[in-house]
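Ligands are counted one by one from 1 in listed order, and the atoms in each one are counted from 1 as well. Along the sequence shown, residues carry numbers from 1. Bear in mind the structure is a predicted one, so any value in this text is a computation, not a measurement.
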Amino acid sequence: MRSTSTFVASAILAVASVQAQQTGYGQCGGENWTGATTCVSGWTCTYLNDWYSQCLPASSTLTTTTSSKTSTTATTTSKTTTSSTSSPTSTGKLKWFGVDESCAEFGTAMPGTWGVDFTFANTATIGEFISQGFNIFRIPFAMERMVQGSIDAALNTAYLTNYSVAVNYITSNGAYAVIDPHNYGRYNGSIITDTTAFQTFWSNLATAFKSNSKVVSASPLAFFFLQILSVEIDNRKIFDTNNEYHDMDETLVFNLNQAAIDGIRGAGATTQYIFAEGNSWTGAWTWNTTNDSLKDLSDPENLLVYEMHQYLDSDGSGTNSACVSSTIGVERVEGATAWLQANKKLGVLGEYAGGPNSVCQAAVTGMLDHLVANNDVWLGAVWWAAGPWWPSSTWASIEPPSGQAYVYYDEILQAYTP
Ligand SMILES: *[C@@H]1O[C@H](CO)[C@@H](O)[C@H](O)[C@H]1NC(C)=O
Ligand SMILES: *[C@@H]1O[C@H](CO)[C@@H](O)[C@H](O)[C@H]1NC(C)=O
Ligand SMILES: *[C@@H]1O[C@H](CO)[C@@H](O)[C@H](O)[C@H]1NC(C)=O
Ligand SMILES: *[C@@H]1O[C@H](CO)[C@@H](O)[C@H](O)[C@H]1NC(C)=O
Ligand SMILES: CC(=O)N[C@H]1CO[C@H](CO)[C@@H](O)[C@@H]1O
C-alpha cells in the first residue's frame, strides 16, 4: 500500500466519498482532491503524503475490539468445500494462500499505547481462516515499537510478547507466519542507511523467532518427537526484510536486503524462507524495470522468495476500490512472471486487493489464475488486509465476519487455498 508515512500507511484503504465531513479512514486531502477536507468528530485529517491525507482516529477514540466470538478450533484438515462462482482455471495450487493480519503497525504515536494506537491480530479470526484452508498470514509490526531508540536496540519484550501470540498460534496450527517490519525502509521517518545496524536488527529478530520454545521433556523419545515438531513449527516462520521500500537508492535497497539475509542466517536461522522486497513499493508491475539488480541477492540456504505487491486501481496504490479493467490483474503481473522465470527466481504476491464489484472480481481471479498457472515461480498470494480495527465498511477489509472484502471475496478466495 503506497504511502510515504512509515507509521500509518496501512490505514490508507478508505472509503472516499465526497461529503461535508469525511468519515473514519476516508481521504481528506491530497493532490487534486476535491472532497471533504475535515473529518467527522473523533477523527483528525492527517497528512500522509502529497497525494493523500486521511481521517485517522483522534487519540483514544478507538477502543479495543476484544472479540466476543468463541474461539475457533483451527485445524488444517477441516477445509470447507465451497461452491465458488469462480474457480481457478488451472487445477494447480499455490503453496501459500492467505491474508495480511494488520493493526500492530497502526497509529502515528511511537511507541504509542496498546489499545489506543495499535492492537494485535485476533487469533479467533485467524483460526477461522485456517479452518477454511488459508495457510499464510503476513503480520506487520512497527520497528519503532519493536526496537526503541535505535534499530540495533534490544527487542522490546512487551511488544514482542504480544506480537508473538499470533505468530505462535499460526505456526502451531500448521500455517505460515510472515514476520513483517512494516517500515518502508525507514525508521522514525528517515531512510535506513546503516546496513550494519539493520543486520543486527535482523539478527536479533531471527534469534527471537528461530526457536518456538525450549523443548523440555523427561522422556528421550518424547523429547525426540517434540524436537522434530519444534523444528517443523520453526520452519513455518518467514522473515520479510521490510515492507515496500520506495524512493530509495536501488543499491541501498539491495544492501539492506542482503544485510537482512546475512543477519538472519548469521543468527543460525537457516531453515526459514526469507522474503525480499524491492524498491518502488515492491510493485509487481514495475519490478522488471526497477528491481532487476535484486536478482543478485544471495542466500546461502537458497530459500529466498521475492515478495511483490500489486493493486489494481489506476495508480496501483490500492486506495481506490475501482479496478482499471477486468484484465488488469494479469496484465500487471505478467512482466514479473517473465522476470522470475528468466532469472530462475521464486515470487510471492504479499499484498493485493480489489473492490467488491464484478470488474475487480474478474481482475482478481484472472490474476490469481495466472499465478496458479505459473506456480513454477509463484508460491503464494496474500490479501491486504484483515485486522480487528479495520472498519467493516473498508472495501479491502477481509476481517471476518463483516469486512466488505470478507463478505464479497471469502468464498471466491477459498477456491484457491492449498
Ligand atoms: C492531478 O491532476 C494533474 C492534471 O490533470 C495530473 O497531471 C496529475 O497526475 C494529478 N495528480 C494525481 C495524484 O492524480
Ligand atoms: C526520532 O526523530 C525525532 C525528530 O527527528 C527525534 O527527536 C527523536 O529522538 C527520534 N527518535 C528515535 C527513537 O530515533
Ligand atoms: C500487551 O497486551 C496486553 C494485554 O494482553 C496489554 O495490557 C499491554 O499493554 C500490551 N503491551 C504492548 C506493548 O503491546
Ligand atoms: C515489464 O512488466 C510490464 C508489466 O507486467 C510489462 O507490460 C512489460 O512488457 C515488461 N517489460 C519487460 C521488458 O519485460
Ligand atoms: C531505480 C533503479 O535503480 N533501477 C535499476 C534497477 O536495476 C536495473 C538493472 O540492474 C538498473 O538498470 C536500474 O537503473
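Between Trp383 and Tyr352, the ring planes are perpendicular. Angles over 60° get that label, and only those under 30° would be called parallel.
A donor-acceptor pair under 3.5 Å is absent between the side-chain atoms of Asn291 and the main chain of Trp287, judged by distance alone. In terms of modelled atom types and a separation under 3.5 Å, the side chain of Thr337 and the main chain of Val333 share a donor-acceptor contact.
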Note every protein N or O atom lying under 3.5 Å from an N or O atom of ligand 4, pairing the names and giving the distance.
unit_1   : atom_1 : unit_2 : atom_2 : d
ligand 4 : 2 (O)  : Asn288 : OD1    : 3.4
ligand 4 : 2 (O)  : Asn288 : ND2    : 2.4
ligand 4 : 5 (O)  : Glu331 : O      : 3.2
ligand 4 : 5 (O)  : Gly335 : N      : 2.8
ligand 4 : 11 (N) : Asn288 : ND2    : 2.9
ligand 4 : 14 (O) : Asn288 : ND2    : 3.1

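The side chain to side chain donor-acceptor pair (under 3.5 Å) test applied to Asp299 returns Arg265, not counting sequence neighbours.
Proximity to Phe120 (heavy-atom distance under 4.0 Å) selects the following atoms of ligand 3: 14 (O).
Counting only N and O atoms by type, the side chains of Gln132 and Thr417 include no donor and acceptor under 3.5 Å apart. Between Thr271 and Asn235, the side chains place a donor N or O and an acceptor N or O closer than 3.5 Å (distance only, hydrogens not considered).
Using a 4.0 Å heavy-atom cutoff, Phe118 is listed among the residues neighbouring ligand 3.
By the 6.0 Å contact criterion, CG on Asn302 is open, its count of non-hydrogen atoms from other residues, nucleotides or ligands being 12 or less.
On a distance-only criterion, Asn162 and ligand 3 share at least one N/O pair closer than 3.5 Å.
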